[in-house]
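Below: one structure, written as structure tokens.
Proteins come first, then strands; the chains are lettered A, B, ... in the order of their sequence lines, and each starts at number 1. Because only heavy atoms are used, hydrogens play no part in the values below, and waters and symmetry mates are left out as well, while side chains stay in.
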Amino acid sequence: MSSYPLETIRHSAAHIMAAAVKELFPDTRFDIGPSTDDGFYYDFDMDHRLVPEDLEKLESVMKRISAEKLPFKKLEISRAEAESLLKSQNQKYKLERLADIPEGEAITFYQCGEFVDLCRGPHVENSGQAGAFRLLTIAGSYYRGKETNPMLQRIYGTAFENEKALRVHLNMLEEAKKRDHRKLGKELELFTVADDVGPGLIIWQPKGGRIRNQIENFWREEHYKNGYELLYTPHIGLSNLWQTSGHLDFYKDAMYSPMEVDKNDYYVKPMNCPFHIQVYKTRNHSYRELPLRWAELGTVYRFEKGGVLHGLLRVRGFTQDDAHIICTPEQIEDEIERVLKFSLYMWKCFGFNEINAYLATRPEKAVGEESRWEQAITSLEKAVNKCGLKCEVDKGGGAFYGPKIDLKVKDAIGREWQTTTIQFDFNLPERFDMTYVGADGQKHRPYMVHRALLGSLERFFGILIENCAGAFPAWLAPEQIRILPITEDQHASAASLADKLRELGFRVDTDMRTEKIGAKIRDARNLRIPFIAVIGEKEVAAGTVSVRSRREGELGAIPVDTLIEKVKNEVAEKL
RNA sequence: GCCAAUGUAGCUCAGUUGGUAGAGCAGCUCAUUCGUAAUGAGCAGGUCAUCGGUUCAAAUCCGAUCAUUGGCUCCA
């Protein structure tokens, strides 16, 4: 139908929403209403507290405005005129936005029906072309995103070219809801949080534990294969350590309060780095032993603000799949490339193949020599190119202590998750005075790189659950095979079959309830168990099992050995 | 931390204008021994998040606290 870009359609939909708001709540002061990646929003300041029912009302007004096909009129006026116009309407936020427009730039307003808005445009021609829209949620948002500013009310909506595209998007949202890791975590008994333990502190239940154990084992093996050594370090450390690291100066708000023992303050660690540095500091190092690659599944605690906690994705206690690489300037490029390749391999094994890179460079305030920053950034760029990754650059977006590359992985329903991070550190080697002796016999400052491939096990688990919608690939499934005897007569056979399979290394359970086979099948399927083996009179006699594979459906009666082969093959896939 | 919504049995939810709680599933008991997505009957299960207030009377109204949800912000 219309050939406008989606952003234009959405931006115009935002204007139509604002027009509807103005109609229903005339005293509203408007801020801005941009398009976003998947829709649009508009921020308002009004006395009325928006409630969900308002969305329906606004939507019907919007539909009316859309049906009226009112033209979007562009008005170009002088700054003075614009000012007096906005002043007369008491639009203080708009006035401030106006002041932001550089001298000499054209000042444009767009009018649609009664609603006139300071806006750069562009817009669709008339309100009938703003596509198919839907208002979604009400939220609060700080004016200009600053905590000290007043809070405005924001309405989120989305718009698409046509009804069909909108429906596809809304279906995706539904789908996302269905695979919400919090819901599945409860249903599949994977993890929980307890009021008496504390918010953001994850308790892994047996089934989650089985999965985590698989992940960890795989992770450790691969790290040894990739030339890492594994460390184990304490959960707490003396204040001195955190003083030296600088955490107490810069990061204290996000740390749990100290515990005083014997007149010493111990802090629960928010990061593993200072401990790894202690390992480095146990003795002198020669350039000949570099690079050192030290990894740890290190559990850290950060006192995140209450409002940001979210299931497994944002928590207060989590286990980072952390590692520190300490190397010479000459080695840095190879090392970064190795890490990137390692990460891509890792994610592929867990079923994620679409990955993009985001490079963050030197901010205004930074520590470390400029030349080192440049070398680091160059090595990051080169490595990204060698790995054939698409890369976006966030200029000045790095931390003060070093540039970094983040990877974002795309999941089964197209959402991007920030996961891997590779982060240079020019700060800690300095603070802890880390050195190595070079070929010249002189002391040199090594490069240090932090990296986490999965991010944290908790967050990774959340992403994993949502990606597979609870149907874990066979190599991770907490229960790979469930054996269902049809009557009590087969209990003994079921038990000995389970023992046999367990001995072969499979995760097997039996369902000995006196339920009908239909009920047992149903429960097993709801748990997304990859292989269901039914064993009745006939199977016992023939030495077979009737198998239902999650992937292939009903396979009928097959010899036990054939089942074993099948499970083995599927487990070996590491999809 | 901020804005808003929510909090009733293990889970998912109902509970009219205030008159001290109800269903399904899960659990337990008994019966059923069954062939590929729910066998039947019975029993038990709740300081209605917590604390305080209004009222003759509070799950219901008000306030505070805690937690969760959607956002904002933060994530050196």
For A:Leu309, which contact category applies under a 4.0 Å heavy-atom criterion: base, sugar-phosphate, or nothing? sugar-phosphate

Heavy atoms under 4.0 Å, any strand shown: does A:Glu187 hit a base, just sugar-phosphate, or nothing? nothing

Under 4.0 Å, counting only non-hydrogen atoms across every strand here, what does A:Tyr41 touch: a base, just sugar-phosphate, or nothing? nothing

Atom-pair distance (NZ on A:Lys183; P on B:U69), nearest Å: 15 Å

For A:Asn526, which contact category applies under a 4.0 Å heavy-atom criterion: base, sugar-phosphate, or nothing? base

A:His310 has its side chain closest, among B:C3, B:G70, B:U32, to B:G70

Which part of the nucleic acid, if any, lies within contact of A:Gln153, taking any heavy atom under 4.0 Å across all strands shown: a base, the sugar-phosphate backbone alone, or nothing? nothing

Specify the separation, in whole Å, of atom CZ of A:Phe250 and atom C1' of B:A76. 8 Å

Can you give the dot-bracket line for RNA chain B, using ( ) for pairs inside the strand, [ ] for pairs that cross earlier ones, | for pairs with another strand and . for unpaired bases, where Watson-Crick and G-U count if both distances are under 3.5 Å? (((((((..((((.....[..)))).(((((.......))))).....(((((..]....))))))))))))....

If the C1' atom of B:U55 is compared with that of B:G18, how far apart are they to the nearest Å? 9 Å

With a 4.0 Å cut-off on N to O distance, would you call A:Glu296 and A:Lys269 a salt bridge? yes

Measuring from the side chain of A:Met151 (C-beta onward, heavy atoms only), which nucleotide among B:U39, B:C72, B:U73 has the closest atom? B:C72

Can you tell me, in whole Å, how much space there is between the P of B:G46 and that of B:A23? 14 Å

Closest of B:U39, B:C74, B:U36 to the A:Arg314 side chain is B:C74

Paired with A:Leu297, the side-chain contact (heavy atoms from CB on, under 4.5 Å) test is passed by just one of A:Leu457, A:Asn272, A:Asp322, namely A:Leu457

Identify which nucleotide among B:G71, B:G1, B:G70 has an atom closest to any side-chain atom of A:Val308, counting heavy atoms from C-beta outward. B:G1

At under 4.0 Å between heavy atoms, what does A:Asp249 touch on the DNA or RNA strands: base, sugar-phosphate, or nothing? nothing

Nearest whole Å is fine: how far is B:C11 C1' from A:Leu190 CG? 15 Å

State which of B:U12, B:C75, B:A76 makes the closest approach to the side chain of A:His247. B:A76

To the nearest angstrom, how far is A:Lys146 atom NZ from B:C74 atom C1'? 14 Å

Students often get this wrong, so: under 4.0 angstrom with heavy atoms, is A:Gly518 touching a base, only sugar-phosphate, or nothing? sugar-phosphate

Can you figure out which of B:U36, B:C72, B:U69 approaches the side chain of A:Glu554 most closely? B:U36

Check the orientation of A:Phe461 and A:Phe472. Use parallel for under 30°, tilted for 30 to 60°, and perpendicular for over 60°. parallel

B:U8 versus B:G15 - spacing of their P atoms, nearest Å: 13 Å

Which nucleotide sits closest to the side chain of A:Tyr142: B:A37, B:A4, B:C2? B:C2

Would you say the side chains of A:His450 and A:Gln423 form a donor-acceptor pair under 3.5 Å? no

Closest of B:C11, B:C3, B:G1 to the A:Lys186 side chain is B:C11

Checking all strands, does A:Met255 fall into the base, sugar-phosphate, or nothing category for heavy-atom contacts under 4.0 angstrom? nothing

Look up atom CZ in A:Arg49 and atom CD in A:Gln153, then write down how far apart they are to the nearest 0.5 Å. 4.5 Å

Base, sugar-phosphate or nothing for A:Gly145? Non-hydrogen atoms, less than 4.0 Å. sugar-phosphate

Interatomic distance, A:Leu55 CG vs B:A5 C1' [rounded to whole Å]: 12 Å

With sequence neighbours excluded, give me every side-chain hydrogen bond (donor to acceptor under 3.5 Å, both in side chains) pair touching residues 522-535 of chain A. A:Arg513-A:Asp523

Taking the C1' atom of each, how far is B:C74 from B:C3, in whole Å? 16 Å

Assign A:Arg154 to base, sugar-phosphate, or nothing according to its heavy-atom contacts below 4.0 angstrom with the strands shown. sugar-phosphate

A:Arg154/A:Asp43 ion pair, N-O < 4.0 Å: yes

Return whichever of A:Pro52 or A:Gln423 has its heavy-atom-nearest nucleotide of RNA chain B closer to the 5' end. A:Pro52

Taking 4.0 Å as the cut-off, does a side-chain nitrogen or oxygen of A:Arg49 come that near to OP1 or OP2 on B:A5? no

Nearest-Å distance for atom pair CG/P, residues A:Asp406 and B:C75: 13 Å

P-based separation of B:G42 from B:A21 [nearest Å]: 23 Å

Taking the six-membered ring for Trp, are A:Phe400 and A:Phe250 closer than 6.0 Å centroid to centroid? yes

With distance as the sole criterion, do the side chain of A:Thr514 and the base of B:U33 form a donor-acceptor contact below 3.5 Å? no

5′-ward residue of the pair A:Ile535/A:Asp425 relative to RNA chain B: A:Ile535

Between A:Phe426 and A:Phe424, what is the ring plane arrangement, given parallel below 30°, perpendicular above 60°, and tilted in between? tilted

Expressed as a whole number of angstroms, how long is the span from A:Leu50:CG to B:G70:C1'? 14 Å

How would you label the contact of A:Ile517 with the nucleic acid (heavy atoms, under 4.0 Å): base, sugar-phosphate, or nothing? sugar-phosphate

From C-beta outward on A:Arg522, which listed nucleotide comes closest to its side chain: B:G35, B:A37, B:U33? B:A37

Reckon A:Arg302 has a side-chain N or O less than 4.0 Å from the OP1 or OP2 of B:C75? no

A:Glu189 CD to B:C11 C1': how many Å, rounded? 10 Å

Less than 4.0 angstrom from a charged side-chain N to a carboxylate O is my criterion; do A:Lys57 and A:Glu53 meet it? no

In terms of side-chain geometry, is the basic nitrogen of A:Arg10 or A:Glu7 positioned less than 4.0 Å from the acidic oxygen of its partner? no

Nearest to the side chain of A:Thr487 - B:A4, B:U33, B:U68? B:U33

Sticking with atom P, work out how far B:U16 lies from B:C43, rounded to a whole angstrom. 27 Å

Under 4.0 Å between any heavy atoms, over every strand shown, what does A:Glu539 touch: base, sugar-phosphate, or nothing? Just pick one. base

Can you tell me how far P in B:C13 sits from the matching atom in B:G53, rounded to whole Å? 33 Å

Same-atom distance (P) from B:C2 to B:U20, integer angstrom: 38 Å

